[in-house]
Amino acid sequence: MRAVGASIEIDADIETVWSVLVEVDRYPEWNPFTVSVATTFELGSPVDMQVALRGRRNKRGEPRTMHQVEYVTSFDAERRRLSWGVNVGPAWFILADRWQQLTDLGDGRTRYQTSDEFTGVGVTFMLLLMRKHVERGFGDVARGLKAHCES
């Protein structure tokens, strides 16, 4: 298994951060990487997304987005953890599972962590092409969530 992720401490209580994280229709207000998301968070339901890969632009100079559909693999409101994933090709080629987790640090502070965990024979090639974009994107998500929750 290989993983790409990000982590950040947020000066906001866990309830505030969780409410922002699960209100996916408002992602365009703060999330520069996953600029559009639609899901019900029911186990197995689709997560329909538009992902903006920073540095890639269309002919009008706007950030180029990539349409992606993944599927909810977990949603645990009590543990403040959610995840979604997808098979790229056959399950043995690339399996990706992205989780997001909040931890209460006390004193109105929260740690946000996210990681995309990859398995399969195509992972090395995929990471050669996409690792820097995903790392940048996850860092942008963490910083955007922090800024939004602290404002």
Side-chain angles (χ1 to χ4, degrees), residues 1-10 12 14-58 62-105 110-149:
M1 178 183 62
R2 311 269 289 281
V4 177
S7 179
I8 201 164
E9 291 186 13
I10 301 171
I14 196 167
E15 295 300 327
T16 298
V17 181
W18 180 251
S19 68
V20 170
L21 192 60
V22 298
E23 196 170 12
V24 295
D25 58 328
R26 297 188 68 185
Y27 271 29
E29 295 175 15
W30 63 268
N31 190 329
F33 182 60
T34 318
V35 297
S36 170
V37 178
T39 188
T40 64
F41 287 118
E42 290 180 36
L43 192 60
S45 67
V47 181
D48 194 319
M49 301 176 278
Q50 290 291 330
V51 178
L53 300 175
R54 196 167 76 180
R56 301 176 94 186
R57 304 271 176 188
N58 64 21
E62 303 161 333
R64 193 167 78 180
T65 62
M66 178 175 69
H67 181 244
Q68 206 165 310
V69 178
E70 299 189 14
Y71 297 88
V72 175
T73 56
S74 72
F75 185 85
D76 189 336
E78 187 175 314
R79 290 183 51 222
R80 305 300 192 268
R81 182 182 174 95
L82 56 91
S83 62
W84 53 66
V86 68
N87 290 338
V88 179
W92 54 265
F93 186 63
I94 298 175
L95 174 64
D97 193 55
R98 178 184 180 192
W99 57 264
Q100 298 178 80
Q101 171 86 45
L102 302 180
T103 305
D104 188 345
L105 300 175
T110 303
R111 175 177 294 115
Y112 167 76
Q113 294 171 279
T114 186
S115 182
D116 213 339
E117 298 175 347
F118 304 98
T119 56
V121 299
V123 170
T124 299
F125 178 70
M126 187 273 307
L127 287 175
L128 281 171
L129 294 175
M130 301 299 292
R131 176 185 282 280
K132 71 177 183 176
H133 297 292
V134 175
E135 285 176 341
R136 227 184 279 144
F138 284 5
D140 288 347
V141 170
R143 287 183 295 276
L145 181 62
K146 177 181 175 70
H148 186 79
C149 290

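Computed from a prediction, not measured in an experiment: that's the story for all the values here.
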Measure the shortest side-chain to side-chain distance between W84 and M49 over non-hydrogen atoms and say whether it is less than 4.5 angstrom. yes

Counting C-beta onward and ignoring hydrogens, is there a side-chain heavy-atom pair between V72 and L82 closer than 4.5 Å? no

For the student: nearest non-hydrogen atoms of A3 and R131, plus distance: O-NH1, 3.8 Å

Test side chain to side chain contact (heavy atoms under 4.5 Å, CB included) on V4 and F118; report intermediate values, then the result. CA-CA 8 Å; V4 177; F118 304 98; 4.1 Å; yes

So which pairs with a foot in residues 81-105 pass salt bridge (Lys or Arg N to Asp or Glu O under 4.0 Å), sequence neighbours left out? none

Output yes when a side-chain donor or acceptor of Q68 lies under 3.5 Å from a complementary backbone atom of V47, and no otherwise. no

Once you round to the nearest 0.5 Å, how far does OG1 of T103 lie from CD1 of I14? 6.5 Å

Find out whether L145 and W30 are in side-chain contact, i.e. whether some heavy atom of one side chain is under 4.5 Å from a heavy atom of the other. yes

The reported gap from CD1 in I10 to CZ in R111 (rounded to nearest 0.5 angstrom) is 10.5 Å

Sequence neighbours left out, what passes ring-ring contact (aromatic ring centres under 6.0 Å, His included) with F125? Give chain and number order. none

Indicate yes or no for a side-chain donor-acceptor contact from T114 to the backbone of A6 under 3.5 Å, with no hydrogens or angles considered. no

Measuring from L102:CG to T16:OG1, what's the distance to the nearest 0.5 Å? 11.0 Å

Could you measure the distance from the NE2 atom of H148 to the CG atom of L21? Nearest 0.5 Å is fine. 11.0 Å

Using 0.5 Å steps for rounding, measure from the NE2 atom of H133 to the CZ atom of R136. 6.0 Å

For a side chain to side chain contact (heavy atoms under 4.5 Å, CB included) check, start with the C-alpha distance between V141 and Y27, then their side-chain angles and the critical distance, and finish with the verdict. CA-CA 10 Å; V141 170; Y27 271 29; over 6 Å; no

What are the two closest non-hydrogen atoms of E70 and G85, and how far apart are they? CB-O, 3.3 Å

Test your reading of the model: is there a side-chain donor-acceptor pair from S83 to the backbone of S74, 3.5 Å cut-off? yes

Please assess V121 against W92 for the test side chain to side chain contact (heavy atoms under 4.5 Å, CB included), listing each intermediate value before the final yes or no. CA-CA 7 Å; V121 299; W92 54 265; 3.5 Å; yes

Taking all atoms of both residues into account, what is the closest heavy-atom pair of P28 and V24, and its distance? CD-O, 4.3 Å

Quick one: sort the F138 and F33 rings into parallel, tilted or perpendicular, breaks at 30° and 60°. perpendicular

Considering all heavy atoms of both residues, which atom of V22 and which atom of F75 are nearest to each other, and what is their separation? CG1-CE1, 3.9 Å

Can you measure from CD (Q100) to CH2 (W18) and round to the nearest 0.5 angstrom? 8.5 Å

Heavy-atom nearest pair, V35 first then P32, reads CG1-O, 3.6 Å

Side-chain contact test, heavy atoms from C-beta onward, threshold under 4.5 Å: evaluate it for T119 versus F93 and give yes or no. no

Does P46 offer a backbone N or O that forms a donor-acceptor pair with the side chain of T39 under 3.5 Å? yes

Are side-chain heavy atoms of M66 and Q50 found at a separation under 4.5 Å? no

Within the structure provided, determine whether R26 and V20 are in side-chain contact (heavy-atom separation under 4.5 Å). no

Would you confirm whether R80, through its side chain, and A77, through its main-chain N or O, come within 3.5 Å as a donor-acceptor pair? yes

Just so I know, are the side chains of V86 and V69 near enough to count as touching, which here means a heavy-atom distance under 4.5 Å? no

With side chain to side chain contact (heavy atoms under 4.5 Å, CB included) as the criterion, how do K146 and Y112 come out once you've worked through the C-alpha distance, each side chain's angles and the decisive distance to 0.1 Å? CA-CA 9 Å; K146 177 181 175 70; Y112 167 76; over 6 Å; no

